[in-house]
Enquirer: 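Below you will find the structure I want to go over with you.
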Amino acid sequence: DAGVIQSPRHEVTEMGQEVTLRCKPISGHDYLFWYRQTMMRGLELLIYFNNNVPIDDSGMPEDRFSAKMPNASFSTLKIQPSEPRDSAVYFCASSLTSGQRGYEQFFGPGTRLTVL
Amino acid sequence: GESVGLHLPTLSVQEGDNSIINCAYSNSASDYFIWYKQESGKGPQFIIDIRSNMDKRQGQRVTVLLNKTVKHLSLQIAATQPGDSAVYFCAESGPDFNKFYFGSGTKLNVKP
């Protein structure tokens, strides 16, 4: 399997612009997670989905952030409008929950976002 | 002025030595604990996990120890190799096992 795929790998944009980050989870996984990593705040969970349904979005910073999962193989994280403080590495992760196997989350390579 | 990022604690070990990375967790109700490794420019990679009903679990060259009394978790790496150089994160979860709370990380530097 190719693992979790994220695009783009790097994004540079100007303040006020819309940014869309994309994720393809591992085939067959039923959970999908979006994280943000910064030096100041570390790795934070933003939102996660189960079977394409958002379960917990309490980590989404504000209304400028939105996430969708239209089908089992695709999710987007959108920031509109973007601000310099949104600059971070955004990770997507997926998992297949089975009580016997634990709750391992498989992370993608991340998207490094820079908002000027 | 510009914000200054957190300075990660660093553990430097000689190749071949054993490494011990420590983590204090905050929630006494946490029921599931995980260690992740993150190499530069990559996403975190799962190493090992442990449930709260255990105090020790072993994997290949790694052992996780859990002390619930003092809310402490440690990762032991045997015969540390240069490829082990990375930032190591502990994470806790519970009651929602899918919701991980990550620690700030420890940088492991293996000297050849």
Side-chain angles (χ1 to χ4, degrees), chain A residues 2-6 9-10 21 23 25-26 29-51 53-60 84-85 87-112, chain B residues 1-10 23-27 30-54 57-60 62 64 66 73 86-107:
Chain A
V4 175
I5 298 173
Q6 292 187 246
R9 293 294 312 277
H10 302 273
L21 311 182
C23 175
I26 293 173
H29 280 192
D30 55 350
Y31 281 84
L32 183 138
F33 306 83
W34 282 101
Y35 287 86
R36 177 173 68 175
Q37 186 174 42
T38 62
M39 283 300 296
M40 284 299 296
R41 300 177 66 90
L43 195 58
E44 304 173 281
L45 176 65
L46 300 178
I47 184 172
Y48 79 89
F49 296 81
N50 177 221
N51 292 323
V53 176
I55 302 300
D56 188 327
D57 65 354
S58 59
M60 295 287 263
R85 61 192 168 120
S87 297
V89 180
Y90 291 81
F91 289 102
C92 177
S94 69
S95 71
L96 175 63
T97 297
S98 164
Q100 293 181 345
R101 288 198 54 175
Y103 298 84
E104 177 183 353
Q105 295 178 17
F106 295 80
F107 282 75
T111 295
R112 180 173 294 277
Chain B
E2 187 177 20
S3 298
V4 176
L6 292 172
H7 178 68
L8 284 178
T10 299
C23 176
Y25 63 92
S26 55
N27 189 351
S30 291
D31 199 24
Y32 179 66
F33 304 88
I34 319 97
W35 281 99
Y36 274 85
K37 169 187 179 183
Q38 186 175 22
E39 297 175 73
S40 180
K42 296 184 178 180
Q45 179 183 8
F46 174 88
I47 300 174
I48 192 168
D49 59 359
I50 188 168
R51 297 273 185 108
S52 62
N53 61 354
M54 302 173 67
R57 190 168 187 216
Q58 287 184 291
Q60 186 177 11
V62 294
V64 56
L66 174 62
L73 195 67
V87 177
Y88 289 80
F89 295 94
C90 66
E92 59 184 299
S93 72
D96 180 353
F97 281 16
N98 293 293
K99 195 167 182 177
F100 291 358
Y101 296 91
F102 281 84
S104 54
T106 297
K107 185 174 183 179

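Order of the sequence lines fixes the chain letters, A, B, ..., with proteins taken first and strands second; residue numbering starts at 1 for each chain. Basis for what follows: all heavy atoms, side chains included, without hydrogens, waters or symmetry-related copies.
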Enquirer: Please flag which part of Q37(A) lies under 4.5 Å from any non-hydrogen atom of chain B: side chain, backbone, both or neither.
Expert: side chain

Enquirer: Between S58(A) and chain B, with a heavy-atom cut-off of 4.5 Å, which part of the residue counts as in contact: side chain, backbone, both or neither?
Expert: side chain

Enquirer: With F102(B), which residues qualify under ring-ring contact (aromatic ring centres under 6.0 Å, His included), at least two apart?
Expert: Y35(A), Y36(B)

Enquirer: Would you say the side chains of Y48(A) and N98(B) form a donor-acceptor pair under 3.5 Å?
Expert: no

Enquirer: Tell me, side chain or backbone of R9(A) under 4.5 Å from chain B's heavy atoms, or both, or neither?
Expert: side chain

Enquirer: Could you check if a side-chain atom of Y101(B) sits within less than 4.5 angstrom of a side-chain atom of S30(B), using non-hydrogen atoms only?
Expert: no

Enquirer: Do you know which of G41(B), P44(B), G103(B) has the most heavy-atom pairs with chain A at a distance under 4.5 angstrom?
Expert: P44(B)

Enquirer: Which pair of heavy atoms, one from E92(B) and one from S26(B), lies closest together, and at what distance?
Expert: OE2-N, 3.2 Å

Enquirer: Under 4.5 Å heavy-atom distance to chain A, tell me which part of F89(B) shows up: side chain, backbone, both or neither.
Expert: side chain

Enquirer: Listed by chain and number, what are the side-chain contact (heavy atoms from CB on, under 4.5 Å) partners of S52(B), not counting sequence neighbours?
Expert: D31(B), F33(B), K68(B)

Enquirer: Let me know if Q38(B) has heavy atoms under 4.5 Å from chain A in its side chain, its backbone, both or neither.
Expert: side chain

